[in-house]
Amino acid sequence: MKTRMTLLSAFTVMALVLFSCTKETVDNIGRDAALNIIVTGNWEKATRTISGNENPDLNITEELLAEDETINFDKDGKAYVRKEGNDVRTYDYEMPSAKEMKFDGLTYAIQETIVQSISTLTLVNHTGPIRTEIVFKRKR
C-alpha cells in the first residue's frame, strides 16, 4: 500500500510539473530538439525551386551545392558550405520555432516534423504568388 501511495504521489508531482510548463517552454524544447537534428551531420544536397512568377524565365530550379560540397548548419546562426573541409561561403539562418527557419533573408515554414525526418529538410516561403522551396537532403 505504501508503494502505491509513493507511486501515486510521484505521478501527481510529474503531472503538475508537466502542466505547469508554459507554451513557450514547450515550444523552445521542440525548437532545440529540431535544431540539434539540423546541425548534426552534413547535408549533401540542396535544391532551390522558385515558381509562380508571371515571367517564366524567373521560375527556376537550381542546385545550391556543387557535387563535392556539403552544407553544415552550426548553432552560431551560420550555414557553412564546405568543399574538402574548407569553407566556401556562408548563409545566415535562425530558427525562431521548430516549424520556422529564416534562411538567407527569407522566412520559411519547415514542412517536416523535423524530429521524425532527419534525412530531408524542406523549407517553403510564399511571398504573394511566388513560392520558394529549398530541399536539403543527406544520406541515410
With salt bridge (charged side-chain N to carboxylate O under 4.0 Å, His left out) as the criterion, how do Arg131 and Glu133 come out once you've worked through the C-alpha distance, each side chain's angles and the decisive distance to 0.1 Å?
CA-CA 6 Å; Arg131 181 178 193 272; Glu133 177 183 88; 3.2 Å; yes

Might you work through the side-chain contact (heavy atoms from CB on, under 4.5 Å) test for Ile130 and Ile50, ending with a clear yes or no?
CA-CA 7 Å; Ile130 311 301; Ile50 300 172; 3.9 Å; yes

With side-chain contact (heavy atoms from CB on, under 4.5 Å) as the test, would you mind laying out the steps for Arg89 and Asp87 before giving the verdict?
CA-CA 6 Å; Arg89 62 190 172 283; Asp87 294 345; over 6 Å; no

Quick one, Tyr80 with Thr70, criterion side-chain contact (heavy atoms from CB on, under 4.5 Å). Give me CA distance, side-chain angles, the key distance, then yes/no.
CA-CA 8 Å; Tyr80 295 92; Thr70 60; over 6 Å; no

Chi angles and distances behind the side-chain contact (heavy atoms from CB on, under 4.5 Å) call for Ile38, Met95:
CA-CA 10 Å; Ile38 289 170; Met95 280 187 67; 3.5 Å; yes

Between Phe73 and Phe136, does a ring-ring contact (aromatic ring centres under 6.0 Å, His included) hold up when you go through it step by step?
CA-CA 11 Å; Phe73 291 88; Phe136 297 94; 5.3 Å; yes

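One side chain, Asn36 or Lys75, offers a donor N or O that lies under 3.5 Å from an acceptor on the other. Inspection of the Thr127 and Asn125 side chains reveals an N or O donor paired with an N or O acceptor under 3.5 Å. Donor-acceptor pairing under 3.5 Å is lacking for the side chains of Thr47 and Glu62.
Residues satisfying the ring-ring contact (aromatic ring centres under 6.0 Å, His included) criterion with Tyr91, sequence neighbours excluded, are Phe103. Legend: residues meeting salt bridge (charged side-chain N to carboxylate O under 4.0 Å, His left out) with Lys83, ordered by chain and number and at least two apart, are Asp68.
When the shell of 6.0 Å around CD of Glu67 is examined, it contains 12 or fewer heavy atoms from other residues, nucleotides or ligands.
Salt bridge absent: Lys137 and Glu44 never bring a charged side-chain N and a carboxylate O closer than 4.0 Å.
Of all non-hydrogen atoms in Ala66 and Glu69, the two that sit nearest each other are N-OE1, 2.8 Å. Closest of all the heavy-atom pairs between Val39 and Asp74 is CG1-C, 4.0 Å.
Here the side chain of Arg138 pairs a donor or acceptor atom with the backbone of Ile118 at under 3.5 angstrom.
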